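Read the structure below first, then the notes.
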Amino acid sequence: PAKPIQIKMVLLGESAVGKSSLVLRFVNDEFQDNKEPTIGAAFLTQKVRLDDSVLKLDIWDTAGQERFHSLAPMYYRNAQAAVVVYDITRAASLDKAKSWVKELQRQANTNLVIALVGNKLDLAGPAAGAAAESAEGDGEAAEAAEATEGRGRQVQAETARAYAEEQGLLFLETSAKTGEGVVETFTEVAKKLDLA
Ligand code: GTP
Ligand code: MG
């Protein structure tokens, strides 16, 4: 069997969007409800099998807290892939993701593969909007539905997807909690690299 191709990958995004949780789900198939913030960065590896090759991902999971921002170039320098994460329940985290994308486009490898990932899909709620609609006319139920919506999705997938397409980024939504979209994220990135 051929030696795996080694790929340097970096995860970036605001603190608490779930970068470490995504990596933990991908590498160990685990989830922790109260994951502590990353200090500096964490390093993990995982293999991805494609049709006729194996990639070994060297994953740098960076710390999103602002005081660590200046360390980021060490991790995205020479990276072939970047996963920029936001939290679909916090619109401000998409703005931060966009600023990371800008920084990568200015400073990183020109053929860097970038994926924009909206995490915490499990909190979108099975259509908080639909609940609000069906509760129309029923004051109390409508109020409850609205409160749920407040904790639910703030960033529509189509909004983020349109931005990602315009910038030439892969786009996926994930839940590190349920595992939805997680393997797909790393596999999609690997596929795009494989062709490069
Ligand atoms: P920094 O290391 O500070 O940059 O944060 P991070 O982006 O690594 O976030 P982390 O993975 O530590 O997750 C922050 C919190 O969100 C933790 O309490 C996680 O349990 C929670 N979390 C992460 N992903 C998900 C998810 O998909 N769904 C839900 N419901 N919670 C999540
Ligand atoms: Mg972390």
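We count ligands from 1, going down the list as the structure has it; atoms in each ligand are counted the same way. Everything numeric in this text was worked out from a predicted model, so none of it was measured.
Between the Mg ion (ligand 2) and S20 there is an N/O/S contact shorter than 2.8 Å. Among the atoms of T62, no N, O or S atom is found under 2.8 Å from the Mg ion (ligand 2).
Only one option out of T174, T89, T185 pairs with N119 in a side chain to side chain donor-acceptor pair (under 3.5 Å); it is T174.
Electrostatic pairing of R153 and E173 counts as a salt bridge here, judged by a charged N lying under 4.0 Å from a carboxylate O. Taking 4.0 Å as the cut-off between side-chain N and carboxylate O, K56 and D58 count as a salt-bridged pair.
Among all heavy-atom pairs drawn from D61 and S20, the shortest one is OD2-OG, 2.6 Å. Nearest heavy atom pair, residue A164 against residue F171, reads CB-CB, 3.7 Å.
Both cation-pi conditions hold for K98 and Y163: the charged atom is under 6.0 angstrom from the six-membered ring centre and inside a 45 degree cone around its axis.
No donor-acceptor contact under 3.5 angstrom links the side chains of E14 and Q65, judged on distance only.
Near ligand 1, E14, S15, A16, V17, G18, K19, S20, S21, F31, Q32, D33, N34, K35, E36, P37, T38, A63, G64, N119, K120, D122, L123, S175, A176, K177 each place a heavy atom less than 4.0 angstrom from the ligand.
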